[in-house]
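I have placed the structure first, in the form of structure tokens, so that the comments after it can refer back to it.
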2 protein chains.
Amino acid sequence: MAVTMHDVAQRAGVSIKTVSNVVNGYPYIRAATKERVEAAIDELGYRVNMSARNLRTRRTGLITLAVPELSLPYFAELADAVISAADAAGWTVLIEQTSASRERETEVLSGRRRHLTDGLIFSPLALGPDDIGLFSVDFPLVILGERVFGAPADHVTMNNVAAAKAATLHLASLGRRRIAVIGAHEGEQVGSAALRTEGYRAGLAEAGLPFDPELVGEAGLWHRSTGAETMSRMLDDGVEIDAVFALNDALALGALHALHAHRIDVPGQVALIGFDDVDDAKYSVPALSSVDPGRDQIAHTAVELLLERIGASGDPAPFRRVVPDSRIVGRESTGEPGDVVDVQPGGTEQVAVDMTWA
Amino acid sequence: MAVTMHDVAQRAGVSIKTVSNVVNGYPYIRAATKERVEAAIDELGYRVNMSARNLRTRRTGLITLAVPELSLPYFAELADAVISAADAAGWTVLIEQTSASRERETEVLSGRRRHLTDGLIFSPLALGPDDIGLFSVDFPLVILGERVFGAPADHVTMNNVAAAKAATLHLASLGRRRIAVIGAHEGEQVGSAALRTEGYRAGLAEAGLPFDPELVGEAGLWHRSTGAETMSRMLDDGVEIDAVFALNDALALGALHALHAHRIDVPGQVALIGFDDVDDAKYSVPALSSVDPGRDQIAHTAVELLLERIGASGDPAPFRRVVPDSRIVGRESTGEPGDVVDVQPGGTEQVAVDMTWA
DNA sequence: TTGTACGCGTTATCAC
DNA sequence: GTGATAACGCGTACAA
């Protein structure tokens, strides 16, 4: 049923190899031959069989992007950006949702589907430094985020501490003294929560404000619902605040909802800033100030690094850690619409190779 | 380098066929043999080579989901649901972003990537009834939406007219008389915009309200930004309104932003309802009333139909059109939080086969 | 219950 | 420039 190279060759009166040459753009072909083959291809409606090509070339042209869930706007936008970047390079992306569960995240690294693609861009949320062994894999891998520093792979991260500090200082610069933080993970040493909380404390310190545990709102999952719940709880507990730094935009938008429900004016009584600068932030009421962590640059860089690894033949390049530039985007929720402040810029650093690619 | 079935067979002292049997769960294998093979697999770290299997079985285990863009929350949530449904059935999803451009949508149906997967779930936004010929394809296809009725494929759609009518009546039942609609596509005969606008007019008629062209706000793209712009334009033009039906939630959230900017109270002065019931709707300020079109059911049904087609051997089943149940979810923006109204239920209908699968 | 042998559609290595 | 032909790794008649 399916028409093969063999059929085309027969039709065009050439050998199968010549058809292959035409299909793959091999330059040294007589124009007349090429035309004949192309005509045969059109007439027969021939299509390359990807499975056969993949088997032969040991490459699939696919890469995997593993994220917690697409319903979270940050990851949806990240996926969009990754797909676009890969597309521009002629590659196709397969998305894997982990639900941030240990089991699924482990599966991503070693499961059945691992072998469908040539490489992996992985944003882990459940696995941490204790699982670093799992990341010693024999395929091209780029890790997003900062949960597993030290893994033998390229990393693309965010300027978390510096950006969170800048966000906190932004609130302090408005004269706010009781700055709450929402989304903290108590006792956690790594990951975005820990780093952003660290930045928050650094910001308080630099602004000469005391750190008050009462101002720290825990929220395991960074969803809108948890943001709303955490905010509500703090308000119900009578914690006095005049500003909130939410560790991501979903939390912030949830918190905004809770503030509204408590008839608290934003930014009049409480200033609010989030983190991620998702598209929603621009259109909430009031528009949400946020930290733009350089999402597009993250996606672009991750794809670039991964494709480099996939293309690398033999020479084990040193692992790299790339930190995109981030900036504070001031909008109505902190009363400074249009204000954009650059955070200390990111950069690239080389990490010694402690492992080679198989 | 890569360990193959052959290696495993040698190691276990059996034939390659036996290894294959074990890997594929063939039941009639002596327990001892099976154990020996499994031990060999573990020791050697053997993994099935998907490319080889795909070539042999003429199947990839992948399906494509083609949507405009993942940045749009509705499609992100749809993708989430489709991936989950496919996953539960052991299938993997590859997402294709079309940017709603004719070129990319055409490519999805016939381009290079078409042959990477076993079937396609396609939500077209640029192609319409005139392009119906493009949909006569020789691979399993499920079409989402109502732009190309009549195409020889299974359809999963929404109860657009009935749901839009119900949304309009919901606003009318609050005593609103000047109900604007946002997101209309002038002159368009098919697609969500046309159908929902038709439902809007039907709702007005049933409520005994006149149709006023001034109340119709055009918006080609259904983004937040266009919703905000359209709403602003209407308000600046001095159009008198006391309610707004936005044809999707992105438009509604944008409109909400514009209303707020114009210091118009929602729902006090203007009641607002959207369409899609995306997750954001629950957490906007005020929370947005919306039409839940049965997104999960759509995703689940689409996957189910597609896998049926893929699995179908020979017998060309009639094409089906499935319409999930939809309902109105009342929240603060129409002043009736918690109110849920069922819209006339959907259903399944069989369509004559005017084409067989190749 | 297990083994042998062949073919899936390509690409790649040589000759010619 | 072009043509045979051997892999690539797996599934599956068919045989044993």
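Values reported hereafter were calculated over all heavy atoms of this structure, with side chains retained and with hydrogens, waters and symmetry mates removed.
When the side-chain nitrogen and oxygen atoms of B:Thr4 are compared with OP1 and OP2 of D:dC8, none of them lie within a distance under 4.0 Å. Side-chain nitrogen and oxygen atoms of B:Arg58 include at least one within less than 4.0 Å of the OP1 or OP2 phosphate oxygen of C:dG9. A close approach under 4.0 Å does occur between a side-chain nitrogen or oxygen of A:Thr18 and OP1 or OP2 of D:dG3. Between A:Ser20 and the phosphate of C:dT11, there is a side-chain N or O to OP1/OP2 separation shorter than 4.0 Å. The phosphate of D:dG11 (OP1 or OP2) has no side-chain N or O of B:Thr57 nearer than 4.0 angstrom. Within the 4.0 Å cut-off from OP1 or OP2 of D:dC8, not a single side-chain nitrogen or oxygen of A:Asn54 is found. The side chain of B:Thr33 contributes no N or O atom lying less than 4.0 Å from OP1 or OP2 of C:dT1.
As judged by a 4.0 angstrom heavy-atom cut-off over every strand, A:Val14 is placed among residues touching the sugar-phosphate backbone only. At a threshold of 4.0 angstrom between heavy atoms, the contacts of B:Arg59 with the nucleic acid are absent. Note on A:Ser51: nothing from the nucleic acid sits closer than 4.0 angstrom, heavy atoms only. Contact annotation for A:Leu55: base contact, defined as any heavy-atom pair under 4.0 Å involving a base atom. Among the atoms of the strands shown, only primed sugar atoms or phosphate atoms (P, OP1, OP2) are found under 4.0 Å from some heavy atom of B:Val48.
Ranking D:dG11, C:dT1, D:dA4 by closeness to the B:Arg30 side chain, first place goes to C:dT1.
The aromatic rings of A:Phe135 and A:Phe122 sit parallel to each other, their planes meeting at less than 30°, with 60° as the upper class boundary.
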